[in-house]
Amino acid sequence: MASNNNSVKISNPRVRFAPSPTGELHIGSARTALFNYLFAKRYGGTFVLRIEDTDKVRNTQESLKNLVDGMNWLGIHWDEGVDENNPLDSSKDRGDFGPYLQSARWQNQLNAAVKLIELGHAYDCDCPPQETFGTGKCKCYDRQKELHDIPHEEKSIKFRINPGPPVVVHDLIRGEVMFRREDIQDFVIVRPGGLPTYNFAVVIDDAAMEMTHIIRGEDHLSNTPKQILVYEALQLKVPEFAHIPLIHGPDGSKMSKRHGAVTVHEYKNEGFLPEAFVNYLARLGWNDDTDREIYSLADLEELFNLKQVSSSPACFDREKLLWFNGKYIRELSDEELFEKSLPFLGKYVKPDDLNESTRKWLL
RNA sequence: GGCCCUAUCGUCUAGUGGUUAGGACACCACCCUCUCAAGGUGGCGACACGGGUUCAAGUCCCGUUAGGGCUGCCA
């Protein structure tokens with residue numbers, strides 16, 4: 001970690017949060033979004049929201065709306081990306097690097113795949129999906145003439161891992177992480193029918209959008225060498241990476257539904273203040289070398305940095321979240337407290353009861 | 001199975017070779033108080049294990065163990 005290039009000044013970084021609209025906004029995703037946002041603010045950069053909607057089966061419009069709502073509630077606003085009110089309408093996008101819906105960028109991704117074939121870095125493959133499972137190796141590279149003429153519906157395009165030196169991931173949080181090429185398998189970059197896969201599309205889009213720093217969950221670390229190889233094959237500039245630790249449940253296993261609320265909306269509906277939630281999320285894995293606990297979004301925008309992000313995973317602690325919430329609630333004026341409480345008093349207080357005396361009583 | 005990441009109080013963490021190992025949440029006790037909170041004071045409580053390197057190791061190296069991730073035509 002000592003070899004981190006921290007001496008290099010970071011100026012005008014471009015970062016993105018690229019969720020897939022396949023469910024509610026998860027706590028972990030929210031923190032990833034937050035860290036990207038804070039990094040952009042801290043260094044005067046640009047925060048982009050791109051929607052990774054290439055999994056046509058699992059995508060839902062509701063998730064997309066959910067995502068936008070969640071981001072708004074947290075106060076994480078994006079400089080570039082899909083329109084809040086019309087996320088599916090690319091003509092409403094904000095920014096010069098659109099469209100910001102990944103599925104709308106398939107032509108660009110496909111062109112890159114064709115180029116990779118021409119360069120000898122990719123090849124047609126007609127193996128059934130299960131055939132190469134576990135080994136990643138197939139003989140298709142030697143059958144290209146034969147495969148050339150079969151319809152695209154019946155073949156995929158694979159990226160070829162050529163022999164060479166180990167791939168080094170320069171990670172701002174973990175230092176240098178090395179992967180041997182023999183341990184990396186050829187992987188599908190375009191599915192039969194022409195739909196690019198994540199590990200490929202993400203590189204083409206990030207490069208096209210001129211991302212300088214990729215800040216994402218640690219679950220992506222092992223896939224990073226594949227992505228770096230794609231950058232290099234296409235002679236694209238490789239961005240800086242920062243893989244932030246995952247959030248675990250109280251028992252140390254990956255945070256999931258059986259641990260209780262895992263989505264931003266659940267916490268919103270339980271009555272947590274967004275300020276408290278953001279503060280808690282930021283402190284989960286980040287500190288500024290002081291004993292301070294309370295940070296507003298504005299404070300964080302000023303102080304956040306990747307250097308002080310922990311490299312080990314953190315367990316979600318509801319008790320501490322509750323404590324933060326209490327802190328922020330006590331800061332509220334009576335007036336604010338009253339207004340914010342209203343939605344939660346529905347089953348106890350009828351609108352008609354909201355006269356001055358009820359109000360006094362409540363306060 | 002292979003590869004990768006991680007390892008300080010129950011939890012979040014500070015610590016970058018020499019500290020009585022610090023803070024926060026939770027917990028316990030006391031104080032304050034009409035009650036409950038809040039607040040204050042104090043307490044309990046940790047360097048996963050085993051080898052090295054060094055005058056000196058929580059800090060550096062190796063191994064073990066444990067947890068997590070990737071190994072998908074999911075992202």
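Just so it is clear, the values below take in all heavy atoms, side chains as well, and ignore hydrogens, waters and symmetry mates.
- Under the Watson-Crick or G-U wobble criterion, with both distances below 3.5 Å, B:rA14 is left unpaired in every strand shown.
- Here A:Tyr280 lies out of heavy-atom contact (under 4.0 Å) with every strand.
- Nearest nucleotide to the A:Ser222 side chain, out of B:rG69, B:rC12, B:rA26: B:rG69.
- Separation of the A:Phe277 and A:Phe272 ring centroids does not fall under the 6.0 Å cut-off.
- Put simply, the residue from A:Asn59, A:Val68, A:Leu67, A:Leu88 that forms a side chain to side chain contact (heavy atoms under 4.5 Å, CB included) with A:Ile51 is A:Leu67.
- Residue contacts for A:Gly285: at a heavy-atom cut-off of 4.0 Å it reaches the sugar-phosphate backbone alone, with no base atom in range.
- Base engagement by A:Glu218 is indicated by at least one non-hydrogen atom pair under 4.0 Å involving a base atom.
- Ring geometry, A:Phe316 versus A:Tyr267: the interplanar angle falls from 30° to 60°, so the pair is classed tilted.
- Taking 4.0 angstrom as the limit, A:Lys226 places none of its side-chain polar atoms (N or O) nearer than this to OP1 or OP2 of B:rC3.
- A:Arg16 pairs with exactly one of A:Thr46, A:Asn36, A:Asp206 by the side-chain hydrogen bond (donor to acceptor under 3.5 Å, both in side chains) rule, that one being A:Asp206.
- Not a single donor-acceptor pair, N or O on each side, falls under 3.5 Å between the base of B:rA26 and the side chain of A:Lys320.
- The phosphate of B:rA14 (OP1 or OP2) has a side-chain N or O of A:Asn287 nearer than 4.0 angstrom.
- Put simply, A:Gln185 has a side-chain N or O that comes within less than 4.0 Å of OP1 or OP2 on B:rG72.
- Residue-level contact check: A:His220 touches the bases, meaning some heavy atom is under 4.0 Å from a base atom.
- Annotation: B:rG15 and B:rC27 have their P atoms spaced 28 Å apart (nearest Å).
- One C1' atom belongs to B:rC9, the other to B:rA24, and the distance between them is 12 Å to the nearest Å.
- B:rC60 and B:rU16 are spaced 10 Å apart, taking the C1' atom of each and rounding to whole Å.
- Side-chain nitrogen and oxygen atoms of A:Arg180 include none within less than 4.0 Å of the OP1 or OP2 phosphate oxygen of B:rG2.
- Among the atoms of the strands shown, only primed sugar atoms or phosphate atoms (P, OP1, OP2) are found under 4.0 Å from some heavy atom of A:Pro313.
- Remark: of the listed residues A:Arg50, A:Arg94, A:Arg14, A:Arg14 is the sole one forming a side-chain hydrogen bond (donor to acceptor under 3.5 Å, both in side chains) with A:Glu80.
- Within the 4.0 angstrom heavy-atom criterion, only backbone atoms of the sugar-phosphate kind lie near A:Asp183; the bases stay farther away.
- Annotation: B:rG10 and B:rA26 have their C1' atoms spaced 8 Å apart (nearest Å).
- Picking from B:rU13, B:rC73, B:rG39 the nucleotide with the shortest atom distance to the side chain of A:Lys327 gives B:rG39.
- Side chain of A:Leu246, nearest nucleotide from B:rU6, B:rU11, B:rG68: B:rG68.
- The residue A:Ser312 sits close only to the backbone: its heavy atoms come under 4.0 Å of sugar-phosphate atoms, none of a base.
- Not one side-chain nitrogen or oxygen of A:Arg58 sits closer than 4.0 Å to the OP1 or OP2 atom of B:rG72.
- The existence of a salt bridge linking A:Arg180 and A:Asp183 is confirmed by a sub-4.0 Å separation between a basic side-chain nitrogen and an acidic carboxylate oxygen.
- Judged by Watson-Crick or G-U wobble contacts below 3.5 Å, the nucleotide B:rC70 has B:rG2 as its partner.
- Closest to the A:His248 side chain, of the nucleotides B:rA24, B:rG68, B:rA75, is B:rG68.
- Across B:rG42 and B:rU59, the matching P atoms stand 31 Å from one another, rounded to whole Å.
- For the pair A:Asp299 and A:Arg292, the salt-bridge criterion is met [side-chain N within less than 4.0 Å of a carboxylate O].
- Each of B:rA75, B:rU11, B:rC12 was ranked by its minimum atom distance to the side chain of A:Leu284; first place goes to B:rC12.
- When the nucleotides B:rA75, B:rU71, B:rA38 are ranked by their closest atom to the side chain of A:Arg330, B:rA38 comes out on top.
- With a cut-off of 3.5 Å on both Watson-Crick or G-U wobble distances, the partner of B:rA48 is given as B:rU64.
- Across B:rC25, B:rC73, B:rC4, the shortest atom-to-atom separation from the side chain of A:Glu319 is found for B:rC25.
- Side chain of A:Glu293, nearest nucleotide from B:rG23, B:rC73, B:rG69: B:rG23.
- Comparing the same atom, P, in B:rG58 and in B:rG43 gives a spacing of 24 Å after rounding to whole Å.
- Comparing A:Trp286 and A:Val188 against RNA chain B, the residue whose closest nucleotide sits nearer the 5' end is A:Trp286.
- Salt bridge annotation for A:Arg143-A:Asp126: present, with a cationic side-chain nitrogen under 4.0 angstrom from a carboxylate oxygen.
- Judged by closest nucleotide on RNA chain B, A:Leu221 is the one of A:Cys315 and A:Leu221 placed further toward the 5' end.
- In this structure, of B:rC73, B:rC12, B:rG15, it is B:rC12 that holds the atom nearest to the side chain of A:Ala314.
- With distances taken from any side-chain atom of A:Ser156 to the nucleotides B:rC5, B:rC73, B:rA75, the minimum falls on B:rC73.
- With both ends at atom P, the span from B:rG22 to B:rG45 equals 12 Å, rounded to whole Å.
- Annotation: B:rA29 and B:rU65 have their C1' atoms spaced 39 Å apart (nearest Å).
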